[in-house]
Amino acid sequence: MTTEEKQQLLDNRYLRMARIWSENSYCKRRQVGALIVKDKMIISDGYNGTPSGFENQCEDELNITKPYVLHAEANAITKIARSGNNSDGATLYVTDAPCIECSKLIIQAGIKRVIYGKKYRLTDGVELLKRAHIDVQYLPLNEQE
């Protein structure tokens with residue numbers, strides 16, 4: 001098995017794990033999970049939801065996402081900031097394509113690869129990552145069941 005094939009297997013595995021992690025989200029409209037992996041070790045994780053200490057309800061009575069809901073990527077990156085780890089050169093596995101705001105955080109965190117499993121109608125986040133020379137790969141989650 002080539003190095004590239006081994007990496008593909010790992011990418012599939014970690015992305016499936018991110019999908020499972022997304023099940024921790026209390027959000028009804030969309031559950032998103034993220035893992036940050038460095039040197040084949042998961043160094044952080046996150047899922048979309050409200051800040052610590054807030055109610056575990058992401059949508060209001062009109063089913064609109066509350067403005068203070070954190071994205072999975074942001075949760076994973078902020079956990080790094082509170083730990084002794086750093087994400088320089090790491091890979092982020094996330095179930096959904098990163099938005100523009102999360103992409104800015106990914107760039108600033110020193111993450112060098114992003115693997116995502118679902119496309120989103122807005123592509124500005126993925127385009128920004130590519131502009132920053134981050135290796136971005138779409139790996140469809142539905143092919144990984």
- First locate atom CG of Asn12, then atom CG of Leu141, and finally report the distance between them rounded to the nearest 0.5 Å. 9.5 Å

- Item | Separation of Thr91 OG1 from Ile115 CD1 (nearest 0.5 Å) | 6.5 Å

- Message: Taking CG in Asp39 as the centre, count heavy atoms belonging to other residues, nucleotides or ligands within less than 6.0 Å. Is the count above 12?
- Response: no

- Quick one: do Leu35 and Leu129 end up in the same hydrophobic cluster if we chain Ile, Leu, Val, Met, Phe, Trp and Tyr together by side-chain heavy atoms under 4.5 Å apart? no

- Message: Counting C-beta onward and ignoring hydrogens, is there a side-chain heavy-atom pair between Pro51 and Leu70 closer than 4.5 Å?
- Response: yes

- Mind listing the closest non-hydrogen atom pair of Ala90 and Ile36 along with its distance? CB-CG2, 3.7 Å

- Flag yes if Tyr138 and Ile111 sit in one hydrophobic cluster, no otherwise; membership is Ile, Leu, Val, Met, Phe, Trp, Tyr, and two members link when side-chain heavy atoms are under 4.5 Å apart. yes

- Step through the shown structure and confirm whether more than 12 heavy atoms of other residues, nucleotides or ligands are within 6.0 Å of CD on Glu4. no

- Item | Point-to-point distance, once rounded to the nearest 0.5 Å, from CE of Met1 to CD of Gln8 | 10.5 Å

- Task: Quick one: pull up OH in Tyr68 and OG1 in Thr50 and give me the separation to the nearest 0.5 Å.
- Result: 7.0 Å

- Query: With Val136, which of Arg113, Glu127, Lys130 fulfils side chain to side chain contact (heavy atoms under 4.5 Å, CB included)?
  - Reply: Lys130

- Message: Is it the case that atom CD in Gln108 sees more than 12 heavy atoms from other parts of the structure closer than 6.0 Å?
- Response: no

- For Asn48 and Val69, indicate whether the former's side chain and the latter's backbone hold a donor-acceptor pair under 3.5 Å. no

- Side chains of Tyr14 and Ile42: does their closest heavy-atom pair fall under 4.5 Å? yes

- Message: Within the structure provided, determine whether Val126 and Tyr116 are in side-chain contact (heavy-atom separation under 4.5 Å).
- Response: yes

- Message: Are the side chains of His71 and Val94 in contact, using a 4.5 Å heavy-atom criterion?
- Response: no

- Mind listing the closest non-hydrogen atom pair of Glu5 and Thr2 along with its distance? OE1-N, 2.9 Å

- Message: How long is the straight-line distance from CD of Gln31 back to CD of Glu23, given to the nearest 0.5 Å?
- Response: 7.0 Å

- Does the side chain of Val114 come within less than 4.5 Å of Glu73's, by heavy atoms? no

- Message: Heavy-atom count check: over 12 atoms from other residues, nucleotides or ligands less than 6.0 Å from Lys66 NZ?
- Response: yes

- Could you grab the distance from atom CD1 of Ile100 to atom OG1 of Thr123, nearest 0.5 Å is fine? 9.5 Å

- Task: Inspect the contact between Glu101 and Lys104 and indicate whether a charged nitrogen and a carboxylate oxygen are less than 4.0 angstrom apart.
- Result: yes

- Between Thr95 and Arg19, is there a donor-acceptor pair closer than 3.5 Å when you use the side chain of the first and the backbone of the second? no

- Query: Is there a donor-acceptor pair under 3.5 Å between the side chain of Ser44 and the backbone N or O of Ile77?
  - Reply: no

- Note on the structure: Heavy atoms of Ala109 and Ser87 approach each other most closely as O-OG, 2.7 Å

- Task: Using atom types as modelled and distance alone, determine if a side-chain donor or acceptor of Ser103 lies under 3.5 Å from a backbone N or O of Gly125.
- Result: yes

- Message: Donor-acceptor check, side chain of Tyr47 to backbone of Tyr26, threshold 3.5 angstrom: yes or no?
- Response: no

- Nearest heavy-atom neighbours spanning Gly49 and Asn75: N-ND2, 4.2 Å

- Task: Consider only side-chain heavy atoms of I, L, V, M, F, W and Y, link residues closer than 4.5 Å, and tell whether Val32 and Leu105 are in one cluster.
- Result: yes

- Please check if the side chain of Lys38 supplies one atom and the backbone of Gly89 the other of a donor-acceptor pair under 3.5 Å. no

- Message: Between Tyr93 and Asp11, do the side chains contain a donor N or O and an acceptor N or O under 3.5 Å apart?
- Response: yes

- Ile134, Leu15: one ILVMFWY side-chain cluster at the under-4.5 Å cut-off? no

- Query: At their closest point, which heavy atom of Tyr120 faces which heavy atom of Arg30, and how far apart are they?
  - Reply: CE1-NH1, 3.2 Å

- Query: Under 4.5 Å between side-chain heavy atoms, hopping through other hydrophobics if needed: is there a path connecting Leu139 to Trp21?
  - Reply: no

- Considering all heavy atoms of both residues, which atom of Cys102 and which atom of Ala74 are nearest to each other, and what is their separation? SG-N, 4.2 Å

